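As the structure is a prediction and not an experimental result, all values here were calculated from the model. The residues of the chain are indexed from 1 along the displayed sequence.
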Amino acid sequence: MFREYYEVVVIGGGHAGCEAALAASRMGRRTLLLNLNVDNTALLPCNPSIGGPAKGHLVREVSALGGEQARAADSSTLMIRWLNTSKGVAVRALRAQCNPGVYAAHYLRVLQRQKNLDVHQDEAVELLLGDSRVSGVRTRHGSTYETRAVVLCSGVYGGGAVHVGNVSFPSGPMGQTPANALFKSLSSLGLRMGRMRTDTPPRLNLDTIDLSETRKQCSENVPLAFDIWGEKLVYGMDYACYFSHTTPETHAILAANIHRSPLVTGVIGSLGPRYCPSIEDKFLRFPDRDVHPIVFEPLARSGGTKEVYVQNFSTSLPYDVQVALVHSLPGCKNAKIIKPGYGIEYEYLAPDQLSPMLENKIIKGFFCAGQVNGTSGYEEAAAQGLLAGINAALSAAGGEQIVLSRSDGYLGVLVDDLVTKSTDEPYRMFTSRCEHRLLMRYDNACRRLSPIGRRVGLIDDARWEKLTRKWELADSEIERLKNSRLPPSDDVNHVLNVAGAEPLGESITLAAMLRRRNVTYELIESLSPPFKKLDGDEAFHVETELRYAGYIEKERRTASRLGNMDNVLIPERFDYDAVKVMRAESRQKLTRFRPRSLGQALRISGVTPADVQLLWVAIKLSRLRGDEGVTYGK
């Protein structure tokens, strides 16, 4: 039997697995990436886009920590746009349509060239343990890979089953091979599992759609990029998405055939994504609506593949019904389906079994990331994979692992929600989930997270130097605006009047002026040019920090108070049942989730603030007694 040792083994080559493997290997750990099919690395099996509200923030945070997804997106971008620009600076984010083939090729090229990383095509079938810690992985080929840390990133492959009407068969996404044996091994270890589902729409042939009946949307006509260090580009007008809608005929076809849906027949019993429902979900949940928006999203520029993704039109209805539904859409009377839509069910591990480091609470060295944790989306997967890869590398080397708080970033919110609240339906990141989103803007991701990426070795000297120069330039401009005053004059007031701003009656600092209605940094720049011109990102950061200075400071104080609760760590083996003064529900929930800190305990549904106060007293008494058998935090 073939045997080999790696410090970290990553199972799965999707977005989470790619980020985990790259992080661990870049941190100097000898790493193995096991993938069912190397040719399917970093697939975009569902929508061909990266980013959007909250998701775009996650991509930026992956870039800030030293991950790869932003660069993969930039390398494959077909069009890119800002979203949520009218809803405030905290929630605006980029979204890009990407060429799936180019995106996947970027990841595979980087993986295969990465030092300390081996990529191997094989299926992990058994997790090996020794003294409650991961000791290795056994594969279908009969090989054994000994290791100190395993990162499971199985996506929707574990126990995967595809449904098209009454036709069901074992499968991963897009007809790929499912992975079943490993989940039998995990079940035998006592890990709690569940099943979820997601859906995908039919893919159409672009040449068979009459696009004259749709509304065209092209890329922003300004240079943009996801990657903090990437070159910003204008992507031109030779690619577009096309907005359309369902029709009353679509609704009638659904009404006549809904009884054939596996959601209705009971073939599919698991929960699907609440915020990205299939067309039959929409029909059942919103029966009074017979028109829903859809978008035709080509997968390549002119001259490439003719495949078109139909956004907001996922389905698991029988194929003949899918054909009729497609033909009911404007411009699709003669449209041809290249790939039918389908529903896919898969196994996931209840995420409350994980610590905030994404490590299993019982099996040391076993980390999980991505859809196996019950999340949806490429961005959520990549962000988790990066954090799990970092912590697996630190665990393998015996170092202290990283925990991100809810005020550190969207990734911190994502992980905290999973481990304190768990989920029984696919979890999707939203800006509304983040109570400190004014502190976690798109423009300051590098200030929040790049020092961590630098500390663990994911950001090299050149990139770090470029960052610090940008920070110094922006900070010096903020100081200049705070300390420079602008006196009133006819010329100044003329410029302000043209901009629709209030004229000056007396001298005012440039910072105070920037907080006035209709005054932008660009306007300030024209009246008082800086020593060195700032680029778009730096200018936006300066304007935001000064315009919202009072709100930002208030938010920082709130986050600091809540962070103090997160700094009070709970002993690892604390006996919650011994604190009889707490409510029974609180004791049960705390025993199940085993929170790391008082702050995390406070965020568990069913645990009251009063019980957290009682818990705090019990912990203090336990420390004063010097109870044996418990491990205390800092």
Side-chain angles (χ1 to χ4, degrees), residues 51 53 56-57 60 80-96 218-237 437-447 466-467 469-553:
H57 289 79
R60 191 72 162 183
I80 189 168
R81 299 185 64 85
W82 282 112
L83 300 185
N84 276 0
T85 54
S86 64
K87 296 182 178 180
V89 295
V91 297
R92 77 166 200 157
L94 287 175
R95 182 179 188 266
C218 294
S219 187
E220 300 265 11
N221 196 29
V222 295
L224 293 171
F226 275 110
D227 185 35
I228 291 169
W229 296 272
E231 180 184 2
K232 295 180 174 63
L233 299 174
V234 177
Y235 289 91
M237 310 295 284
R437 53 186 176 272
L438 190 56
L439 301 181
M440 304 188 305
R441 306 183 308 273
Y442 191 91
D443 65 281
N444 67 3
C446 56
R447 290 180 180 250
K466 185 175 181 179
L467 263 188
R469 285 202 305 267
K470 286 167 64 77
W471 294 343
E472 289 169 2
L473 180 61
D475 290 346
S476 66
E477 177 63 356
I478 287 174
E479 288 304 308
R480 184 184 78 88
L481 297 179
K482 285 180 177 179
N483 297 315
S484 299
R485 304 186 72 86
L486 187 68
S489 71
D490 291 341
D491 290 341
V492 167
N493 285 335
H494 173 72
V495 171
L496 293 175
N497 280 324
V498 170
E502 181 185 353
L504 294 183
E506 59 182 6
S507 177
I508 188 175
T509 66
L510 296 174
M513 186 175 172
L514 191 53
R515 288 191 282 272
R516 291 188 167 195
R517 184 186 297 274
N518 293 331
V519 177
T520 64
Y521 177 77
E522 185 178 7
L523 182 63
I524 296 288
E525 189 180 34
S526 69
L527 294 172
S528 177
F531 302 120
K532 185 176 180 181
K533 187 173 179 61
L534 278 63
D535 68 19
D537 286 347
E538 293 161 354
F540 180 83
H541 177 78
V542 168
E543 180 173 332
T544 302
E545 285 289 318
L546 291 175
R547 185 184 299 280
Y548 300 98
Y551 298 102
I552 291 172
E553 181 55 34

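With values rounded to the nearest 0.5 angstrom, N221 atom CG is found 6.5 Å from M237 atom CE. I508 CD1 to L514 CG: the interatomic distance, rounded to the nearest 0.5 Å, is 10.0 Å. One finds the OH atom of Y235 at 8.0 Å from the CG atom of L224 (value rounded to the nearest 0.5 Å). In this structure, CG in N483 is found 11.5 Å from CD1 in I478, a value given to the nearest 0.5 Å. The line from SG of C446 to NZ of K470 is 7.0 Å long, rounded to the nearest 0.5 Å.
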Full working for side-chain contact (heavy atoms from CB on, under 4.5 Å) between L467 and W229: CA-CA 8 Å; L467 263 188; W229 296 272; 3.5 Å; yes

Verdict with supporting geometry, D535 and E538, side-chain contact (heavy atoms from CB on, under 4.5 Å): CA-CA 5 Å; D535 68 19; E538 293 161 354; 3.2 Å; yes

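In this structure a side-chain-to-backbone donor-acceptor pair under 3.5 Å is present from N444 to L439. Of the possible polar contacts, one joining the N518 side chain to the G500 backbone as a donor-acceptor pair under 3.5 Å is found. In this structure, the side chain of H57 does not engage the main chain of V91 through any donor-acceptor pair within 3.5 Å. A donor-acceptor contact shorter than 3.5 Å is absent between the side chain of S528 and the backbone of I524.
Annotation: side chain of R516 is in contact with side chain of L504 (closest heavy-atom distance under 4.5 Å). Counting heavy atoms from C-beta on, the side chains of L94 and R60 never come closer than 4.5 Å. At least one side-chain heavy atom of M513 sits less than 4.5 Å from a side-chain heavy atom of L527. Using a 4.5 Å cut-off on side-chain heavy atoms (C-beta onward), S219 and V234 make no contact. You'll find the side chain of L438 reaches within 4.5 Å of the side chain of V89, heavy atoms only. Side-chain contact between R92 and R441: absent, with no pair of heavy atoms (C-beta onward) separated by less than 4.5 Å. Within the 4.5 Å cutoff, no side-chain heavy atoms of T509 are placed close to those of L481.
Annotation for L534 and A474: closest pair CD2-CA, 4.4 Å, computed over non-hydrogen atoms. Between N497 and P503, the shortest heavy-atom distance links the atoms OD1-CD, 4.1 Å. Listed here is the closest heavy atom pair of A96 and F226: CB-CE1, 3.6 Å. The two residues T85 and W82 make their nearest non-hydrogen contact at CG2-CB, 3.5 Å. Considering all non-hydrogen atoms of both residues, R515 and A549 come closest at NH1-CB, 4.3 Å. Here the closest heavy-atom approach between residue S507 and residue P488 is recorded as N-CD, 3.6 Å.
Among E543, R547, E477, H541, the one residue that satisfies the side-chain hydrogen bond (donor to acceptor under 3.5 Å, both in side chains) test with Y521 is E477.
Remark: R81 pairs with M79, Q217, E220 by the side-chain contact (heavy atoms from CB on, under 4.5 Å) rule, at least two apart or across chains.
Applying the 6.0 Å contact sphere to CD of E231 captures no more than 12 heavy atoms from other residues, nucleotides or ligands.
A salt bridge links K232 with D537: the closest approach of a Lys/Arg side-chain nitrogen to an acidic carboxylate oxygen falls below 4.0 angstrom.
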